[in-house]
Amino acid sequence: MKKKKTKNLKTELQFPKQLAREDLFSCPIWHGDEPGFVNELNNASDKYIEESKKNLKKSIDKRNKKFGNKGDMGSVFHSTSLIGDPKFKKLQDYIGGTAHNLLIEMGFDLTNYTVFITEMWVQEFAKKGGGHHTLHTHWNGHISGFYFLKASELTSKPIFQDPRSGHLMNGLPLKKEGEITYGSPEVHYQVEPGSMMFFPSYLPHLFSVDLGYEPFRFIHWNIQAIPNVQLLR
């Protein structure tokens with residue numbers, strides 16, 4: 001009796017010729033130039049910076065007496081709140097309206113919310129250099145931002161870090177250092193007077209160490225969308 005021949009059926013895997021890519025869970029940073037406020041707000045900021053320098057003088061002098069005179073090296077002169085100062089009202093109106101539009105652009109429904117600037121201050125880094133900010137986020141807010149009054153290619157730079165902790169934890173070597181790709185763990189921006197930036201308050205950011213070659217001053221703000229029902233209480 002002859003054996004029946006059986007056919008070997010080969011299963012061929014069918015791979016898609018082209019994979020579709022969707023860029024999801026992205027984090028926006030908006031930036032542009034608005035030099036029209038610079039001169040006016042530099043003048044308005046002077047008194048706040050001078051007041052901060054006066055308040056820190058005692059501790060700076062104490063440090064220099066104890067460890068050796070380094071001038072104001074490493075200091076960051078931080079103002080009191082600028083909210084309510086009429087000289088900054090134009091800027092406040094500008095960034096408040098812009099932040100409202102950006103939150104809508106991100107896909108949020110603000111029908112039952114009102115956008116408020118909750119914090120706004122001006123800072124200047126030490127003339128002797130060393131001023132900086134370590135990595136941080138801003139709690140209880142939705143949009144934060146910067147407006148640069150004094151800056152150049154020789155001053156400190158804002159640096160933003162990938163907010164996805166899992167990405168940072170599992171990062172691989174980059175093919176080209178300095179090239180912005182999906183694998184980049186952080187990005188920095190070159191700024192000048194009039195540079196303006198907006199970003200989600202959860203985005204980790206820092207300022208690189210300033211070397212004191214040229215003045216560095218900027219306004220910083222935090223914005224929150226507050227439910228209207230809370231405003232009625």
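Side chains included, hydrogens not; waters and symmetry mates left out as well; all remaining heavy atoms used. When a residue number appears, it is its place in the shown sequence, counting from 1.
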Check against side-chain contact (heavy atoms from CB on, under 4.5 Å), Lys70 and Lys128
CA-CA 8 Å; Lys70 293 289 185 179; Lys128 290 287 186 180; over 6 Å; no
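- Pro200 has its side chain within reach of Pro28: a pair of non-hydrogen atoms, C-beta onward, lies under 4.5 Å apart.
- Shown here is Asn64, whose CG atom has more than 12 heavy atoms of other residues, nucleotides or ligands within 6.0 Å.
- Checking side-chain atoms of Asp210 against main-chain N and O of Gly131 turns up no donor-acceptor pair under 3.5 Å.
- Taking the six-membered ring where the residue is Trp, Tyr48 and Phe88 present perpendicular rings, their angle passing 60° and hence far from 30°.
- The distance from the CD1 atom of Ile104 to the OG1 atom of Thr111 is 8.0 Å, given to the nearest 0.5 Å.
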Would Trp30 and Glu105 satisfy side-chain contact (heavy atoms from CB on, under 4.5 Å), going step by step from the backbone distance to the final call?
CA-CA 11 Å; Trp30 299 273; Glu105 181 183 316; 3.1 Å; yes
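- Between the side chains of His220 and His138, at least one donor-acceptor pair of N or O atoms lies under 3.5 Å.
- At distances below 3.5 Å, at least one donor-acceptor pair connects side-chain atoms of Ser79 with backbone N or O atoms of Val122.
- Contact check for His78 versus Asn55: no side-chain heavy atoms found under the 4.5 Å cut-off.
- Shortest non-hydrogen contact noted between Tyr182 and Asp23 is OH-OD1, 2.8 Å.
- Put simply, the side chain of Leu149 reaches to within 4.5 Å of the side chain of Ile219, judged on heavy atoms.
- Trp221 pairs with exactly one of Phe116, Phe199, Trp121, Phe198 by the ring-ring contact (aromatic ring centres under 6.0 Å, His included) rule, that one being Phe198.
- Between Phe218 and Phe125, the ring planes are perpendicular. Angles over 60° get that label, and only those under 30° would be called parallel.
- Smallest separation of non-hydrogen atoms from Gly141 and Ser201: C-OG, 3.5 Å.
- Looking only at distances, a side-chain donor or acceptor of His142 sits under 3.5 Å from a matching main-chain atom of Ala225.
- Between the CZ atom in Phe216 and the OG1 atom in Thr155 there is a gap of 5.0 Å [rounded to 0.5 Å].
- Interatomic distance, Leu206 CG to His188 NE2, rounded to the nearest 0.5 Å: 11.5 Å.
- Under the 3.5 Å distance criterion, the side-chain polar atoms of Thr114 are left unmatched by any main-chain donor or acceptor of Asn228.
- Of the possible polar contacts, one joining the Ser75 side chain to the Asp72 backbone as a donor-acceptor pair under 3.5 Å is found.
- Taking the side chain as every heavy atom from C-beta outward, Glu34 and Tyr94 approach each other to under 4.5 Å.
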Would you please test Val209 and Ser156 for side-chain contact (heavy atoms from CB on, under 4.5 Å) and show each step?
CA-CA 6 Å; Val209 175; Ser156 176; over 6 Å; no
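- Two residues are said to be in side-chain contact when any heavy atoms from C-beta on lie closer than 4.5 Å; Phe207 and Pro158 meet this criterion.
- No option in Asp162, Thr137, Ile29 other than Ile29 meets the side-chain contact (heavy atoms from CB on, under 4.5 Å) test with Leu203.
- Checking side-chain atoms of His136 against main-chain N and O of His205 turns up a donor-acceptor pair under 3.5 Å.
- Distance check, rounded to the nearest 0.5 Å: CG of Asp85 to CE of Met120 gives 9.0 Å.
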Please step through side-chain contact (heavy atoms from CB on, under 4.5 Å) for the pair Gln190 and Glu153, ending with a clear verdict.
CA-CA 7 Å; Gln190 180 63 57; Glu153 61 182 8; 3.7 Å; yes
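- Using modelled atom types and a 3.5 Å distance limit, the side chains of Glu214 and Ser152 yield a donor-acceptor pair.
- In this model, a donor atom of one side chain and an acceptor atom of the other lie less than 3.5 Å apart for Ser144 and Asn222.
- Salt-bridge formation is detected for the pair Lys89/Asp93: a Lys NZ or Arg NE/NH1/NH2 atom is positioned less than 4.0 Å from an Asp or Glu carboxylate oxygen.
- When side chains are defined from C-beta on, Asp61 does not count as touching Lys65, because their heavy atoms never get closer than 4.5 Å.
- Criterion: ILVMFWY side-chain heavy atoms under 4.5 Å apart, direct or through other members. Under it, Tyr213 and Val191 are not part of a common hydrophobic cluster.
- Proximity of Leu110 to His100: side-chain heavy atoms (C-beta onward) are separated by under 4.5 Å at one or more points.
- In this structure, the side chains of Val38 and Tyr147 come closer than 4.5 Å at one or more pairs of heavy atoms.
- One finds the OG atom of Ser45 at 11.5 Å from the CD atom of Gln123 (value rounded to the nearest 0.5 Å).
- Side-chain atoms of Arg63 come within 3.5 Å of backbone N or O of Gly71 as a donor-acceptor pair.
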